[in-house]
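Everything on this sheet refers to the single structure shown next.
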2 protein chains.
Amino acid sequence: MEKLGTVQSVDRALSLLEALASHTGGARLTALARETGLPPSTTHRLLTTLEQRGFAQFDPAATRWHIGRKAFAVGVAFTRWQSFIAAALPFLRRLRDLSRETANLGVLEDGEVITVAQVESREIIRAIAPPGGRAPVMNSGMGKAIVATWPDHAIDALVARHGLRPATRHSLTSLEAVHAEIGLTRARGYAVDDEEFTPGMRCVAAVVWSPTGDPVGAISISALAARLPVEGLPAMGASVREVADELTRAMGGAPPG
Amino acid sequence: MEKLGTVQSVDRALSLLEALASHTGGARLTALARETGLPPSTTHRLLTTLEQRGFAQFDPAATRWHIGRKAFAVGVAFTRWQSFIAAALPFLRRLRDLSRETANLGVLEDGEVITVAQVESREIIRAIAPPGGRAPVMNSGMGKAIVATWPDHAIDALVARHGLRPATRHSLTSLEAVHAEIGLTRARGYAVDDEEFTPGMRCVAAVVWSPTGDPVGAISISALAARLPVEGLPAMGASVREVADELTRAMGGAPPG
DNA sequence: CCTGATCTTCCACATCGTGGAAAACTTCTA
DNA sequence: TAGAAGTTTTCCACGATGTGGAAGATCAGG
């Protein structure tokens, strides 16, 4: 095998998909075999495998093979993800400029928040957790913003499954405290991490909704506590929420119902 | 081997592609392994094979796997399969020139309309949603034009499954409103998006039929509401419908029956 | 520093992918 | 229309390649 670590038969099937894609009007088995350098019987078996999974289609009338609908459905997922981040970036920049602090985009995964995009503050001294950084949901502004949209029983289940992981002396340590915090978050329309994950850092976050009415992520501002005093949280929270709502609208999203 | 004549490793790779596509925010190796029931080392090797061919991509910062660009490129070929875009482009250009507005071609996918081709207005200020852009079916002229060809029970099922996602205060918010709008669409022969997706934008759309009698897509004109007042909708609608009918004929298509 | 979780690499082995041959089918030509 | 040529599909012996458990590496948390 020349290509290190690749599965030859998968490689060949993908070559066939690409060959198919290059033929607007479809292609015949022997033409595809010639193009990919595969024997006709191998080509046939790989094509029928792709066909059974909907990635290829056969038109018996014209004896032509075409790309199948499933390949389209899978490929569209690429634009969905790319367009989410691309759509969010100008809003993150705007939020960064409004606040002069670092703006983040995060998503939930398995009880944690992952920062998937970030626009850094221009200040020399600034709050940075690198993209890819993770935080337990209930220690994180973004996590709390997302979870606050959930029904209470789902929040209970999350805490039961993942526990609470107090990182500082400000962190939430009981289910009662969690629900009190969620109640505040819902009332305000934005969430606060008040030195609950990293001492000396505060974070304000608001949820972003997908077109399907799912809380797909959250955006936030993270700042040194010295630069974002408690008295400044409401104004900052309003800004974050406003930009999050705009991002939601720009994506054709909305809360459910 | 349970599936007759299929290549197991290709089958597995395709399962991984589908699993990836179902995760908007990307997925980690162990989650994908769990979902597909494959051992982590097998999952890893198949993913890296997909990655080397561009069908998957890895974000090391978040240790997440995503669908790759090549999957999109291959998937788009599905629409081309019917010589759809190629055939439609001259008609879109004609429609653009007739109307002096941006002309679009869209298809339905999973409760949304995806714009797969576009010919932009030559005006300096014009209505643009980029190709690849998505909109909920019932907020979109093109979506409504296509769905209006469906039987009522299929429309009910679509709404039941995907809900209505009002984006503006003009959007449809009830099943009754949906059916009233569908009734109008059928009577007129064209559909209207009257600032239902984007404030300040109107869209007029008409369905395109495939040779097999399927409502395969729709073409539309999107314009700033200021440039397309309500009084102008009937004339514009007639133009869009006429060009859509010509495209249908050029493709050897026709409505069923 | 230790522990546990996750990810990556390795390799012996047997499963499964293979491709040539044969059979079946379709199209073309005289 | 029959035969030839081309295309597609099926079959199966065999060895190439895919495999998954184990080991190693890395990372995160206490």
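In the text below, chain A, chain B and the rest are named by the order of the sequence lines, each starting its count at 1. Worth saying up front: this structure is predicted, and the values here are computed from it rather than measured.
When the P atom of D/dG18 is taken as reference, atom CG of B/L16 falls 15 Å away, rounded to whole Å. Counting to the nearest Å, the P atom of D/dA28 and the CG atom of A/N139 are 17 Å from each other. One atom, CG of A/L32, and another, C1' of D/dT8, lie 13 Å apart when rounded to the nearest Å. Counting to the nearest Å, the P atom of D/dT19 and the CD atom of B/Q8 are 6 Å from each other. Here the P atom of nucleotide C/dT8 and the CH2 atom of B/W65 are 7 Å apart, to the nearest Å. Rounded to whole Å, atom P of C/dA24 lies 19 Å from atom CG of A/L29. Going from atom CD of B/E51 over to atom C1' of C/dC7 covers 13 Å, rounded to whole Å. In this structure, the CG atom of A/D11 is 15 Å from the P atom of C/dG17, given to the nearest Å.
Sequence order on DNA chain D of the closest nucleotides to A/V10 and A/P40 puts A/P40 first from the 5' end.
Counting only heavy atoms from C-beta outward, the side chains of A/S222 and A/E101 never approach each other to under 4.5 Å. Counting heavy atoms from C-beta on, the side chains of A/S22 and A/E35 come closer than 4.5 Å. Two residues are said to be in side-chain contact when any heavy atoms from C-beta on lie closer than 4.5 Å; A/T102 and A/R96 fail this criterion.
The shortest distance between the side-chain N/O atoms of A/R28 and the OP1/OP2 oxygens of D/dT7 is not below 4.0 Å. The side chain of B/H44 places no N or O atom within less than 4.0 Å of a non-bridging phosphate oxygen (OP1 or OP2) of C/dC7.
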Nucleotides 20-26 of chain D: which of its N/O atoms have a protein N/O under 3.5 Å away?
residue : atom : partner : partner atom : Å
D/dG20  : OP1  : B/R12   : NH2          : 3.4
D/dG20  : OP2  : B/T42   : OG1          : 2.4
D/dG20  : N7   : B/S41   : OG           : 3.2
D/dG21  : O6   : B/S41   : OG           : 3.1

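Salt-bridge annotation for A/D152 and A/R186: present, with a side-chain N of the basic residue lying under 4.0 Å from a carboxylate O of the acidic one.
Evaluation of the salt bridge (Lys or Arg N to Asp or Glu O under 4.0 Å) test over residues 244-253 of chain B, restricted to residues two or more places apart or in two chains, returns B/R94-B/E246, B/R241-B/D245. Sequence neighbours left out, the pairs with a member in residues 190-201 of chain A that pass side-chain hydrogen bond (donor to acceptor under 3.5 Å, both in side chains) are A/K144-A/E196, A/D194-A/R202.
Proximity of a side-chain donor or acceptor of A/S220 to a complementary backbone N or O of A/C203 within less than 3.5 Å is not detected.
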